[in-house]
Amino acid sequence: MIERKDILSIPYLKKTSFTGSYEGLRFRFQAVKREVSSKEGEETDKKECQVLEVAAWEAPYSFDKTLEENIQKMETDFSEEGIQKGIDWLNGLWEKEPKKWKEAKHNW
């Protein structure tokens, strides 16, 4: 299973993405800026915030060489709690279909 110690720190993720794999499940953690609307009275303010995007796909290819439709993504808050949510999500994907992921690591 993927554990918190396997994923690099928040300062690292602020600068660049982090990719890894577990038993045929490839994954990426990346900070992404999103525009969020907040309504206050009659005015709608738009502000930019940073979220954590976690992506998962089958081995053996890299994120850039995998078709978009074959990548699953989730977004969460950019924090320690968000990193843990991403790890839990990835572990849930693996636990749901372990045979699929194990077979993927042999798809060279």
Side-chain angles (χ1 to χ4, degrees):
M1 302 307 303
I2 303 164
E3 297 179 20
R4 175 62 187 100
K5 67 180 177 63
D6 299 326
I7 311 302
L8 293 179
S9 66
I10 295 249
Y12 179 91
L13 291 172
K14 284 182 180 179
K15 295 177 185 176
T16 189
S17 62
F18 173 77
T19 59
S21 65
Y22 177 77
E23 296 282 326
L25 169 66
R26 302 282 323 255
F27 58 86
R28 182 182 80 166
F29 285 73
Q30 181 173 11
V32 178
K33 294 195 186 294
R34 294 280 186 246
E35 199 170 83
V36 179
S37 298
S38 62
K39 270 192 170 179
E40 297 210 7
E42 300 278 323
E43 296 179 33
T44 301
D45 290 333
K46 290 189 178 190
K47 65 178 187 174
E48 199 172 78
C49 70
Q50 195 169 38
V51 297
L52 183 64
E53 180 183 87
V54 183
W57 65 97
E58 290 181 38
Y61 301 111
S62 70
F63 180 84
D64 294 333
K65 298 296 181 185
T66 302
L67 295 174
E68 183 69 29
E69 60 263 18
N70 295 332
I71 299 173
Q72 299 177 59
K73 294 181 183 177
M74 65 91 69
E75 286 187 0
T76 185
D77 51 309
F78 189 77
S79 65
E80 282 298 326
E81 294 81 18
I83 292 172
Q84 190 58 55
K85 285 179 189 174
I87 292 168
D88 293 343
W89 178 72
L90 291 171
N91 286 331
L93 289 176
W94 197 90
E95 288 171 351
K96 194 186 317 184
E97 299 180 279
K99 185 178 178 184
K100 167 187 166 181
W101 302 111
K102 285 180 181 179
E103 287 174 359
K105 71 180 182 178
H106 300 293
N107 287 340
W108 292 95

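Every value quoted in this text rests on a predicted model; they were computed, and no experiment measured them.
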Pair up each side-chain donor or acceptor in residues 78-85 with any protein partner under 3.5 Å, not counting sequence neighbours, and list the distances.
from  : atom 1 : to    : atom 2 : distance (Å)
Ser79 : OG     : Asp77 : OD2    : 2.6
Ser79 : OG     : Glu81 : N      : 3.4
Ser79 : OG     : Glu81 : OE1    : 3.2
Ser79 : OG     : Gly82 : N      : 3.1
Glu80 : OE1    : Arg4  : NE     : 2.9
Glu80 : OE1    : Arg4  : NH2    : 3.3
Glu80 : OE2    : Arg4  : NH2    : 3.2
Gln84 : NE2    : Asp88 : OD1    : 2.9

Closest heavy-atom contact between Ala104 and Gly24?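 For Ala104 versus Gly24, the nearest heavy atoms are CB-O, 3.9 Å.
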
Looking only at non-hydrogen atoms, find the nearest pair between Asp6 and Phe18 and report the distance. O-CZ, 3.2 Å

Please go through Leu67's hydrophobic cluster and name the other residues, only I, L, V, M, F, W, Y counting, with side-chain heavy atoms under 4.5 Å joining them. none

Can you tell me how far apart [atom1] ([X]) and [atom2] ([Y]) are? Round to the nearest 0.5 Å.
| X | Y | atom1 | atom2 | answer |
| --- | --- | --- | --- | --- |
| Glu48 | Arg34 | CD | CZ | 10.5 Å |
| Ser21 | Leu90 | OG | CG | 11.5 Å |
| Lys33 | Gln50 | NZ | CD | 4.5 Å |
| Leu13 | Phe29 | CG | CZ | 8.0 Å |

For Pro60, does its backbone N or O pair with a side-chain atom of Asn107 as donor and acceptor, under 3.5 Å?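 A pair under 3.5 Å: no.
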
When you measure from the side chain of Tyr61 to the backbone N and O of Thr66, does any donor-acceptor pair fall under 3.5 Å?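 No: the side chain of Tyr61 does not pair with the backbone of Thr66.
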
Are the side chains of Phe27 and Ile2 in touch, meaning some heavy atoms are under 4.5 Å apart?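 The answer is yes; the side chains approach within 4.5 Å.
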
side-chain contact (heavy atoms from CB on, under 4.5 Å) against [X], all qualifying residues, sequence neighbours excluded:
| X | answer |
| --- | --- |
| Ser9 | Pro11, Tyr12 |
| Lys99 | Glu103 |
| Pro98 | Trp94 |

Listed by chain and number, what are the side chain to side chain donor-acceptor pair (under 3.5 Å) partners of Glu53, not counting sequence neighbours? Arg28

Following the transitive rule for hydrophobic clusters with a side-chain heavy-atom cut-off under 4.5 Å over Ile, Leu, Val, Met, Phe, Trp and Tyr, establish whether [X] and [Y] coincide in one cluster.
| X | Y | result |
| --- | --- | --- |
| Trp89 | Val32 | no |
| Val51 | Val54 | no |
| Met74 | Ile87 | yes |
| Ile71 | Leu93 | no |

Hey, could you give me each pair passing salt bridge (charged side-chain N to carboxylate O under 4.0 Å, His left out) that has a residue in residues 13-25? Not counting sequence neighbours. Glu23-Lys105

Contact list for residues 60-71, test salt bridge (charged side-chain N to carboxylate O under 4.0 Å, His left out), sequence neighbours left out: Glu68-Lys73

With Trp57, which residues qualify under ring pair (Phe, Tyr, Trp, His ring centres under 6.0 Å), at least two apart?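 Once residues adjacent in sequence are excluded, the partners of Trp57 under the ring pair (Phe, Tyr, Trp, His ring centres under 6.0 Å) criterion are Phe63.
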
Flag yes if more than 12 heavy atoms outside Lys100 fall under 6.0 Å of its NZ atom; otherwise flag no.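 Count over threshold, so yes.
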
